[in-house]
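Reading through the structure tokens given below for one structure.
In this text the structure is predicted, and so the values were computed from the model without any measurement. Convention: sequence-line order gives letters A, B, ...; per-chain numbering from 1.
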There are 2 protein chains.
Amino acid sequence: MEKKFDDYPHPAVTVDVVIFTVKDKELKVLLVKRKNEPFKNKWAIPGGFVRMNESLEEATKRELFEETGVKDVYLEQLYSFGEVDRDPRGRVITIAYFALISLEKAAQKLRATTDVSEVAWFPISKLPELAFDHAKILEYAKKRLRWKFEYTTVAFSLLDKKFTLSEVQKIYEIIFQKKFDKRNFRKKLLSLNILESAGKEKEVSHRPPQLFSLKKKIGEIVEILKVQD
Amino acid sequence: MEKKFDDYPHPAVTVDVVIFTVKDKELKVLLVKRKNEPFKNKWAIPGGFVRMNESLEEATKRELFEETGVKDVYLEQLYSFGEVDRDPRGRVITIAYFALISLEKAAQKLRATTDVSEVAWFPISKLPELAFDHAKILEYAKKRLRWKFEYTTVAFSLLDKKFTLSEVQKIYEIIFQKKFDKRNFRKKLLSLNILESAGKEKEVSHRPPQLFSLKKKIGEIVEILKVQD
DNA sequence: TCAAAAGTGTTCCGAATACACCCATGA
DNA sequence: TCATGGGTGTATTCGGAACACTTTTGA
């Protein structure tokens, strides 16, 4: 089983982050355009090598910050991809993460870097051809994303601290590409006992909505919505 | 973001497999006793280095086979662990998998290897102290296991091709440490439309039970049982 | 007074739960 | 005939789904 520590050559290890946001009533993903070979001028999921003195999550946060300038976003490990030939340069194992960032945070300037000529948000429905096995990674991320919306409270990480029930519903309608009944949606959301009242919105030219915020202590899994096709 | 391919030193990469079975009416996990430092004589989850010419899954299957002599078992990737100091020998990133093997397969002889002095099944309720961050990995695996039993048909990978409904129920009662109502359990299982009749058991000294087998084409996620505490 | 979005209740249906007795067989 | 596990039905409760109109505000 185990040999001495350095008997085997070591593969390279990268982290890749699938960064989602909701913008212009669409689910979007952040991609970068590669400046170098391989896959020069192809779009790719942002990522980079893991340094020896940082954990996988630290590496991912660093990449995320370098690419978007944002911190403190929803971040979770997705899956590790390790096919032998997934990178033509040699053996590279990647640990993929996925992140959800809110509209305001995402509105900050995106910055190209030394290895990237462009950075842009792509609607999930109109993706370009992707480098490496990134199409597969993205597929995986989309599945996970939907699952997370059904079974956990991640949706709220796309909203402000205070939000209206209609805003929550809109997010769900975008993610699931489906309309929900307003009364049932609100009833379900309120019955979960995860929200608390947070005053009223002002300065709208119609009936002002109630604001809510997420309660602090919530179990990890809260079956939010059962969505059928 | 990216530098030239070999600008960074590479961490070592291992795979670890949490191997579960149900034996003697208990959920058990396979552990190995380490022959060498670090953590000499401590119990650990079996695992080893990923070779340059094998994928993560291939490496895991190889380890699984070396340790238990079994092939063709349920295997899925669990999570990757990459804290900087998780291995005192240096930077080691591990991709953890979990496997479920059936009683008969598990009954084969377990074999010690060059780096392992003993191999043994431990009931999940009476675990020894574990090497590295393996306690954390095992915790993670236990959670995933329960989830899988609630939402998928993994349970059947612990049974023969043909099985009785009572056998299925026993497996669930062991995993969830909880009794289920026989009529409701059977009703639910049959209503899922995932089983087909496979004759009758013979040679039992009581009313012979119906046998069932799992239908071939089943969606990935079938909400089998909702289990409440 | 109008436009815009907020807010609200009831009926129906299907699934989950609780619960106890008879059946078929070999010993 | 007995011991052993196999097998079965009904009533109740709870949550999900369908469905349309009134309210509040600023412009």
Rounded to the nearest Å, what distance is computed from the [atom1] atom of residue [X] to the [atom2] atom of nucleotide [N]?
X      : N      : atom1 : atom2 : value
B/F163 : D/dG6  : CZ    : P     : 14 Å
B/R183 : D/dT8  : CZ    : P     : 12 Å
A/F180 : D/dC19 : CZ    : C1'   : 17 Å
A/K187 : D/dC19 : NZ    : C1'   : 10 Å
A/I224 : D/dG15 : CD1   : C1'   : 16 Å
B/N184 : D/dC14 : CG    : P     : 16 Å
A/F185 : D/dC19 : CZ    : P     : 19 Å
B/E223 : D/dG16 : CD    : P     : 11 Å

Below 4.0 angstrom from OP1 or OP2 of [N], is there any side-chain N or O of [X]?
X      : N      : result
B/R186 : D/dG7  : yes
B/S166 : D/dG5  : no
A/K188 : D/dG16 : yes

Give me the atom names and distance for the closest heavy-atom approach of [X] to [Y].
X      : Y      : result
A/L158 : A/I101 : CD2-O, 3.1 Å
A/G82  : A/I93  : CA-CG1, 4.2 Å
B/R34  : B/A131 : CD-CB, 4.0 Å
A/V18  : A/L138 : CG1-CD1, 3.4 Å

Using a strict heavy-atom distance below 4.0 Å, which residues from residues 206-215 of chain B are in contact with DNA chain D?
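Listed by number, they are B/H206, B/R207, B/P208, B/P209, B/Q210.
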What is the nucleic acid contact for B/S191, judged by heavy atoms within less than 4.0 Å: base, sugar-phosphate only, or nothing?
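B/S191: no heavy atom of the nucleic acid under 4.0 Å.
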Evaluate the ring planes of B/F180 and B/F176, with Trp represented by its six-membered ring, and classify them as parallel (under 30°), tilted (30 to 60°) or perpendicular (over 60°).
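Perpendicular, since the angle between the ring planes exceeds 60°.
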Can you check whether B/I19 reaches B/V29 side chain to side chain, under 4.5 Å on heavy atoms?
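No - every pair of side-chain heavy atoms lies 4.5 Å or more apart.
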Starting from the 5' end of DNA chain C, give me the residue, A/L165 or A/S205, whose nearest nucleotide shows up first.
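Looking at DNA chain C, the more 5' nearest nucleotide goes with A/S205.
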If you take atom types as modelled and just measure distance, does the side chain of B/K182 reach the base of D/dG6 with a donor-acceptor pair under 3.5 Å?
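Donor-acceptor pair under 3.5 Å: yes.
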Is any side-chain N of the basic residue among B/K178 and B/E173 closer than 4.0 Å to the acidic one's carboxylate O?
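No, no charged N to carboxylate O under 4.0 Å.
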